A.B. asks: 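I have a structure here, written as structure tokens, and I will follow up with some questions on it.
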Amino acid sequence: MAPKTSPEIGGMGHSVKRKEDPRFLRGLGNYVDDVNLPGMLYLDIVRSPYAHATIKNIDISKAMAIPGVLAVITGKDLEKYNLHWMPTLMSDTQMVLPVDKVMYQAQEVAAVLATDRYIAADGVEAVEIDYDPLPVVVDPKKALLPDAPVLRTDKKDKKDNHIWHWEWGNREATDQLFNEAEVTVKEDIYIPRIHVSSIETCGCVAHFDKVKGKLTVWMTTQAPHAIRTVFALVAGHVGLSEERIQIISPDIGGGFGGKVPVYPGYVIAVAASVLTGKPVKWIEDRMENLQADSFARDYHITAELAGKKDGQLTAIRIKTIADHGYTDAAANPSKFPAGLFHVCTGSYDLKAAHVEVDGVYTNKPPGGIAYRCSFRVTEAVHTIERMADVMAHELGMDPAEFRMKNFIKPEQFPYKSALDWEYDSGNYAAALQLAMDRIGYSELRKEQAEKRARGELMGIGISSFTEIVGAGPSKHFDILGIKMFDSAEIRVHPTGKVIARFGTKSQGQGHETTYAQIVAEELGFPVDSVLVEEGDTDTAPYGLGTYASRSTPVAGAACAIACRKIKDKARKIAAYLLEAHEDDLEWEPGKFFVKGSPDRAKTIQEISLAAYTNHPPGMEAGLEAVNYYDPPNLTYPFGSYICVVDIDKGTGEVKVRRFVAVDDCGNIINPMIVEGQIHGGLTMGLGPALYEEIQYDESGNILQGSFMNYLLPTAVETPKWETDKTVTPSPHHPLGAKGVGESATVGAPAAIVNAVVDALWHLGVRHIDIPITSAKVWKLLREAGVKG
Ligand code: CDP
């Protein structure tokens with residue numbers, strides 16, 4: 001789609017350079033740790049070496065003897081104010097600091113307040129805690145056995161470790177189709193625990209101003225408004241009411257869902273500031289971040305597909321055990337404890353589906369966050385895309401041909417899925433065909449056959465995923481009862497300059513540029529004259545924040561609607577100035593003119609001035625609007641990825657030789673930013689596919705607690721991503737746009753696994769759990785008798 005605006009205006013479709021980059025690239029960003037206030041104190045946290053233990057005694061005397069250590073805060077101190085527990089976003093409860101027992105290794109046990117960051121760290125070393133170890137449960141399947149120790153003894157009536165059971169779909173119809181199926185396939189798929197590992201760790205500076213009775217917290221949060229409401233609900237009884245709480249999210253160095261939850265450190269810092277009346281800073285270090293902050297995934301899935309011998313799919317059936325650690329602190333919409341996992345029918349036209357998920361407590365950190373993923377969509381996509389490949393191979397069909405046969409067809413949209421989603425638009429075959437053409441699919445298949453004949457291992461994997469983003473329509477989506485709308489407030493000043501504020505919060509996605517482009521598109525102000533602000537609850541309109549690729553689908557739509565309100569008023573002012581009837585005016589980006597007389601025109605800048613100096617009698621002065629957007633539906637971006645791998649028979653090393661990614665996120669605001677999102681997302685898909693996993697031993701000790709063994713891909717491992725696009729606008733979004741931020745992370749792992757299994761299928765390999773390490777492949781090769 002050719003841009004409607006000139007490059008000088010820079011509306012949708014222009015690759016405008018990111019307005020935020022000059023400060024980021026020159027090291028001039030303002031992150032939480034850059035906030036320094038006079039008289040600021042520092043907090044550091046004592047963490048548990050045990051995964052499950054009774055706390056017999058906490059001796060703070062040696063720590064208190066260190067000059068500069070002001071206090072050691074324990075659960076018993078917080079208990080006096082009823083602040084030792086807090087609610088999670090899933091209405092479970094989480095310890096701020098424990099009173100009697102710890103539930104996972106690296107859990108917060110006490111906090112040291114000192115005049116200096118390093119003194120606080122020395123204080124942490126000096127706190128002496130006497131623990132009595134308790135039996136540990138790390139395996140969620142064992143946690144469900146009748147003789148498993150009950151972990152949540154704080155819940156009086158709890159007799160087991162089961163949190164919830166959730167199911168969706170038509171069980172009878174699904175079972176019936178399985179009974180009638182000509183062919184079925186079944187796999188156990190584990191999607192391991194991983195971590196977002198954003199560049200910036202979590203932290204805050206809490207400042208309670210005793211004179212004003214106002215709390216200001218600079219914190220690493222993706223959802224400042226929701227956090228303010230949670231703080232008011234938790235601490236209202238100690239005098240912190242919502243209008244006296246200001247949350248400021250300054251620049252954020254990556255969030256990816258990990259900066260949605262409320263972590264105990266935030267609450268302790270706030271409590272310490274309220275008690276001392278001094279600013280208190282708490283910044284996690286890298287290992288604390290990796291070991292104790294919310295994890296992602298950890299789904300044990302058993303999936304089955306049913307179909308006919310000609311390759312036509314009919315039904316899917318899934319049972320899942322979801323390991324939530326010691327509390328359900330996932331960040332899902334309230335109605336969906338397993339997130340949007342029931343988008344697991346993917347891009348395929350299935351007649352029936354049934355999915356069951358059981359949440360389980362274990363002695364691990366809590367979480368289940370939407371890591372660059374719209375609430376468990378990665379798990380869903382991985383399952384259906386793996387299973388589609390298993391079925392295709394089982395039938396001896398080419399996986400591309402198999403997908404083409406089963407795709408939902410363009411004419412079926414809007415498409416109601418077997419699990420009740422209404423897909424807005426899509427053209428899956430076009431995306432796959434483009435990816436096949438770009439990569440040279442049939443030549444690659446020929447090359448693979450030749451190499452196989454020579455005993456070489458080469459695989460081609462496809463992932464044709466459907467995403468579901470833009471949570472969400474208020475009839476179904478809320479977090480702690482707050483509906484998941486989002487907002488834009490736009491003010492046009494007399495000199496034709498604009499300030500636009502949002503309820504979302506960029507963590508690197510480039511909102512300062514793309515929202516300005518939406519204003520430019522709608523009102524014709526050059527993108528440079530639009531200042532975008534997010535993240536300050538005192539100034540920004542209320543919104544639910546940025547995660548799950550919801551900014552463009554929800555706040556982007558709010559921006560367009562608010563601009564349209566402004567344009568309506570601008571038209572009236574232009575008509576008055578031009579002494580013409582409103583209906584006789586036409587718009588071209590940046591000005592209204594009288595139909596047939598292009599010289600009789602008023603620019604948007606002239607209209608802005610008139611809104612304050614010469615507006616029609618009886619009209620309110622000013623030019624501004626606000627919109628709280630409740631999306632009528634989610635948006636369904638999609639794509640087709642094709643990956644080519646070569647496997648070293650001697651070492652089992654998987655090398656991604658080529659990777660073509662075709663994405664469709666509807667109309668694009670900024671093509672360069674979208675491409676950047678996809679490049680980053682693909683790398684965040686490569687990591688879990690080949691390297692990343694957090695495991696625990698039987699005693700609950702974390703095995704990948706630092707970047708020495710939690711292996712993030714570097715530039716060395718990352719292949720050259722080849723990207724392309726199709727454009728299928730969303731019919732219900734005011735700009736026809738869909739979200740894109742997480743698509744690549746969601747879609748990439750299955751393409752990589754499918755390529756590896758494709759290379760090894762003839763050796764009897766049906767499935768490999770991610771991460772596909774060289775050791776796993778090496779073992780499979782040796783078992784199959786392959787010589788290195
Ligand atoms: O919520 P989040 O910002 O993470 O995700 P998003 O809405 O998918 O947007 C990620 C970035 O890509 C933002 O800067 C968007 O404005 C931009 N984008 C775009 O330019 N065109 C689209 N159709 C979708 C996103």
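Order of appearance sets the numbers: ligands from 1, and atoms from 1 within every ligand. As the structure is a prediction and not an experimental result, all values here were calculated from the model.
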A.B. asks: For ligand 1, does V674 get within less than 4.0 Å through its side chain, its backbone, both, or neither, judged by non-hydrogen atoms?
C.D. replies: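 For V674, the contact with ligand 1 is made by the side chain alone.
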A.B. asks: Are E200 and K259 within salt-bridge range, i.e. N to O under 4.0 Å?
C.D. replies: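 Between K259 and E200 there is a salt bridge, with a charged N closer than 4.0 Å to a carboxylate O.
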A.B. asks: Centre of F256's six-membered ring, under 6.0 Å away, within 45 degrees of the axis: is that where NZ or CZ of R372 sits?
C.D. replies: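 Geometry flag: not set, cation outside 6.0 Å or 45°.
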A.B. asks: What about I668: any of its N or O atoms under 3.5 Å from an N or O on ligand 1?
C.D. replies: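 No, no N or O pair falls under 3.5 Å.
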A.B. asks: Check whether Y547 reaches the backbone of L544 with its side chain - one donor and one acceptor, N or O, closer than 3.5 Å.
C.D. replies: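 Present.
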A.B. asks: If we ignore hydrogens and angles and just use 3.5 Å, is the side chain of S249 paired with the main-chain N or O of T221 as donor and acceptor?
C.D. replies: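 Yes: the side chain of S249 pairs with the backbone of T221.
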A.B. asks: Quick one: nearest non-hydrogen protein atom to atom 14 (O) of ligand 1, plus distance?
C.D. replies: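 Here the closest protein heavy atom is Q509 O, 2.7 Å.
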A.B. asks: Got an N/O contact under 3.5 Å between Q677 and ligand 1?
C.D. replies: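 No, no N or O pair falls under 3.5 Å.
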A.B. asks: Side chain, backbone, both or neither: which applies to I673 and ligand 1 if a contact is any heavy-atom pair less than 4.0 Å apart?
C.D. replies: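 The side chain, only.
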A.B. asks: What part of R550, side chain, backbone, both or neither, has a heavy atom within less than 4.0 angstrom of ligand 1?
C.D. replies: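 Just the backbone.
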A.B. asks: Going by the ring pair (Phe, Tyr, Trp, His ring centres under 6.0 Å) test, name the single residue among Y348, F465, F413 that passes it with Y428.
C.D. replies: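 Between Y428 and the candidates, ring pair (Phe, Tyr, Trp, His ring centres under 6.0 Å) is satisfied uniquely by F413.
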A.B. asks: Where on E742 is there a heavy atom closer than 4.0 Å to ligand 1, on the side chain, on the backbone, on both, or on neither?
C.D. replies: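 It is neither; nothing of E742 touches ligand 1.
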A.B. asks: Do any N or O atoms from the side chain of E675 and from the backbone of M672 form a donor-acceptor pair under 3.5 angstrom?
C.D. replies: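 No; zero donor-acceptor contacts below 3.5 Å.
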A.B. asks: Give the atoms of ligand 1, by number and element, whose distance to some non-hydrogen atom of P553 is under 4.0 Å.
C.D. replies: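 Here the atoms of ligand 1 in question are 7 (O).
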A.B. asks: Do me a favour and list the nearest non-hydrogen protein atom to atom 21 (N) of ligand 1 with residue, atom name and distance?
C.D. replies: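 Nearest neighbour among protein heavy atoms for atom 21 (N) of ligand 1, to 0.1 Å: I669 N, 3.1 Å.
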A.B. asks: Judging by distance only, is a nitrogen or oxygen of G741 under 3.5 angstrom from one on ligand 1?
C.D. replies: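 Yes - when backbone and side-chain N and O of G741 are compared with those of ligand 1, one distance drops under 3.5 Å.
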A.B. asks: Is there a donor-acceptor contact under 3.5 Å from the side chain of S334 to the main chain of D478?
C.D. replies: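 Flag set: sc S334 to bb D478 pair under 3.5 Å.
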A.B. asks: Tell me whether the NZ or CZ atom of R26 lies within the 45° cone about the ring axis of F24 and under 6.0 Å from its centre.
C.D. replies: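 R26 over F24 ring: no.
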A.B. asks: Should the proximity of V469 to ligand 1, defined as any heavy atom under 4.0 Å, be assigned to the side chain, the backbone, both, or neither?
C.D. replies: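 No part of V469 comes within reach of ligand 1.
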